[in-house]
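Inspection log for the structure reproduced underneath, given as structure tokens.
The basis for the numbers below is simple: all heavy atoms, side chains too, and nothing from hydrogens, waters or symmetry mates.
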Amino acid sequence: MASNSEPANEGLRPSPSLGAPSPRERGEAENIVIVGAGIIGICAAAYLAEAGRSVMLIDRTGICEETSSGNAAAFAFSDVLPLAQKGMIRQLPKWLADPLGPLAIPPGYLPKLLPWLIRFWRAGSPRNYEASLAAQASLMKLAEAEWMGLMERSGTRKMLREDGSLELYESEAEFSASLPGWSARGRFGIAFRHVAGGELAELQPGLSPRFVKGTFVPGWKTVADPKLLGKAVWGHAEAHGAKFVQGDVGLVMRSKDQVVVQLRGGRTIMAQHLVVAAGAWSHLLARQLGERIPLETERGYNTTLPRTAFVVKRQLIFSGHGFVITPLDTGLRVGGAVELAGLRRPPNFARSRAMLEKAKQFLPGLDPSGGREWMGFRPSLPDSLPVIGRSQAADNMVYAFGHGHLGLTQAAATGRLIRDLVVGQSPAIDLAPFSPQRF
């Protein structure tokens, strides 16, 4: 919660390189308030602070402490296919028949979810699919360039792993079904090669013989640990003058040409600009501003094992089972899958244990002991594209949320685009496909 010992409109210190008076010294509101200290909010803060803006980042728990702390650690720049792929909707009945499979929807939540599922189904039409694919590819291209630059500036390049990824198939039929997706990636210049036999075994020794083929993506990258990366990027933002306030935002609203941000602890903050980057809770704040954005919550699960559990050379992707295994500096992370169940239901860690049981079959010799279970909330929109753009309520309110599985991957690009919007520059890419008003 927010500390009530601080003045309600305490200002931010300026970037040391600017030497300008702070907003408090000028008697003005905070320049920019960002709600949400996950990786999207952190990167937005870093870009705006680098631009010399006064930035306050607000979160109820801390820097990179919630969903962004426990993801699969991938820079998945080649993952351009929308979730609503052609024909994917036909697999839903089979997946839903297995409560611990790749996709689960509690029966009691289905009526609430139905409007989102209808939008998801429509997003899979050929015309919508192609438009989403092109938009996602443009954002991914920007994301890779921006992350490489931000890592250099923040001194975090040493946390980058460039080992590629290996997607695995248990049958020729499963492999054949993947080919249209790889063809679509190839149209956007994404490099990959299909492997089998000795090359497959070399890319991942100790793999179960049940996997007959794989696809190696050399450009796929991972990070040493997503939580540690987020905290390090925040350190860079903080060095440029950004400030963190712990508090639970209960209300946002316009007041003339400013924004009122009220914390549940009683503190009120005035801002000249607002950035909503609160992940799966963002649509609740957008609703206060008069916008209904169809955000749904994909609950993801994982178990992080000790590093000694198994020697995994690169991220392994078991697409038929909806999960991945990632080697981190801090352990071996086994996780993924999707549970569409909202924000309020208690975690179902049987899903974590089901993935771990499969991992033992896929990597004979894996030691499953000593694991740490986790669940996080992925903010997802039906067309698999995030919301990046201005609120219809006012030009000085912008949204940055709904990245689904790709928050870490697209965070630096989103930070760059938010900076462009706030400082009045032309965005680096066309933002029309990401408009909050597209629904």
Side-chain angles (χ1 to χ4, degrees), residues 1-15 18 20-38 40-42 44-45 47-49 51-60 237 241-293 295 387-402 414-415 417-425 427 431 435-437:
M1 299 299 289
S3 170
N4 293 320
S5 63
E6 300 175 72
N9 293 315
E10 182 183 13
L12 303 178
R13 58 191 175 93
S15 168
L18 298 179
S22 70
R24 179 177 58 183
E25 293 168 331
R26 297 193 301 264
E28 299 175 3
E30 303 289 359
N31 192 342
I32 303 162
V33 166
I34 301 173
V35 180
I40 300 295
I42 290 167
Y47 273 83
L48 288 163
R53 298 304 177 100
S54 296
V55 178
M56 175 183 283
L57 185 62
I58 303 175
D59 194 276
R60 64 183 182 179
K243 179 180 179 180
F244 174 71
V245 169
Q246 187 169 346
D248 191 359
V249 175
L251 177 68
V252 294
M253 60 182 293
R254 286 191 67 188
S255 178
K256 296 182 179 178
D257 60 346
Q258 295 184 346
V259 183
V260 179
V261 180
Q262 191 171 58
L263 307 185
R264 287 195 168 91
R267 180 176 177 182
T268 299
I269 300 165
M270 303 298 294
Q272 295 171 333
H273 298 273
L274 173 71
V275 179
V276 176
W281 289 264
S282 298
H283 65 304
L284 303 178
L285 297 176
R287 192 175 301 168
Q288 295 180 5
L289 301 173
E291 291 187 270
R292 291 191 172 271
I293 297 174
L295 187 76
V387 160
I388 305 172
R390 300 188 192 279
S391 166
Q392 67 180 6
D395 284 348
N396 61 346
M397 300 177 180
V398 296
Y399 297 140
F401 60 83
T414 304
L417 293 167
I418 292 300
R419 183 202 68 191
D420 292 347
L421 288 171
V422 170
V423 305
Q425 295 179 349
L431 288 183
S435 169
Q437 292 80 42

Exercise for review: Answer yes or no: is there a side-chain heavy-atom contact under 4.5 Å between V259 and N396?
Suggested key: yes
Check your understanding: So, do L417 and L421 sit near enough that their side-chain heavy atoms are less than 4.5 Å apart?
Key -> no
Point to revise | Audit row: I32, V275, side-chain contact (heavy atoms from CB on, under 4.5 Å) steps and yes/no | key: CA-CA 7 Å; I32 303 162; V275 179; 4.2 Å; yes
Point to revise | Stepwise side-chain contact (heavy atoms from CB on, under 4.5 Å) test for R53 and V423 | key: CA-CA 9 Å; R53 298 304 177 100; V423 305; 3.6 Å; yes
Point to revise | NE2 on H273 to CG on L48, rounded to 0.5 Å | key: 9.0 Å
**Study point:** Heavy-atom pair with the smallest gap, counting every atom of A37 and F244
**Key:** CB-CE1, 4.2 Å
Review point. Within a strict 4.5 Å, meaning less than it, do heavy atoms of the L295 and F401 side chains meet?
Key: yes
Exercise for review: Search all heavy atoms of V252 against all heavy atoms of Q288 and return the closest pair with its distance.
Suggested key: N-OE1, 2.8 Å
Review point. So do the side chains of P436 and R390 get within less than 4.5 Å of each other, counting heavy atoms only?
Key: no
Practice item. Heavy atoms only: give me the nearest G247-L263 pair and the separation to one decimal. Key: CA-CD1, 4.1 Å
**Study point:** Atom pair CD/CE of Q258 and M253 - distance to nearest 0.5 Å
**Key:** 12.0 Å
Exercise for review: Kindly give the heavy-atom pair with the smallest separation between S255 and V260, and that separation in Å.
Suggested key: CB-CG2, 3.6 Å
Review point. Which heavy atom in I293 sits nearest to a heavy atom in H283, and how many Å separate them?
Key: O-CB, 3.8 Å
Point to revise | Criterion side-chain contact (heavy atoms from CB on, under 4.5 Å) on M397 and R254, from CA distance to verdict | key: CA-CA 9 Å; M397 300 177 180; R254 286 191 67 188; 3.0 Å; yes
Review point. Between the main-chain N or O of R292 and the side-chain N or O of R287, is there a donor-acceptor pair closer than 3.5 Å?
Key: no
Practice item. Test V33 against every option in V276, V249, V261 by the side-chain contact (heavy atoms from CB on, under 4.5 Å) rule and name the one that passes. Key: V261
Review point. If we only count heavy atoms from C-beta on, is the L285 to L251 side-chain gap below 4.5 Å?
Key: no
**Study point:** Closest contact, heavy atoms only, L289 versus A393
**Key:** O-CB, 3.6 Å
Practice item. For residues R419 and Q425, determine if any side-chain heavy atom of one lies less than 4.5 Å from a side-chain heavy atom of the other. Key: yes
Point to revise | Interatomic distance, S391 atom OG to L274 atom CG [nearest 0.5 angstrom] | key: 8.5 Å
Check your understanding: Roughly how far, to the nearest 0.5 Å, is CD1 of I40 from OG1 of T414?
Key -> 4.5 Å
Point to revise | Salt-bridge present (D248, R60; N to O < 4.0 Å) | key: no
Review point. Are side-chain N/O atoms of S282 and Y399 paired as donor and acceptor at under 3.5 Å?
Key: no
Check your understanding: Can you list the steps and then say if I58 with I34 is a side-chain contact (heavy atoms from CB on, under 4.5 Å)?
Key -> CA-CA 6 Å; I58 303 175; I34 301 173; over 6 Å; no
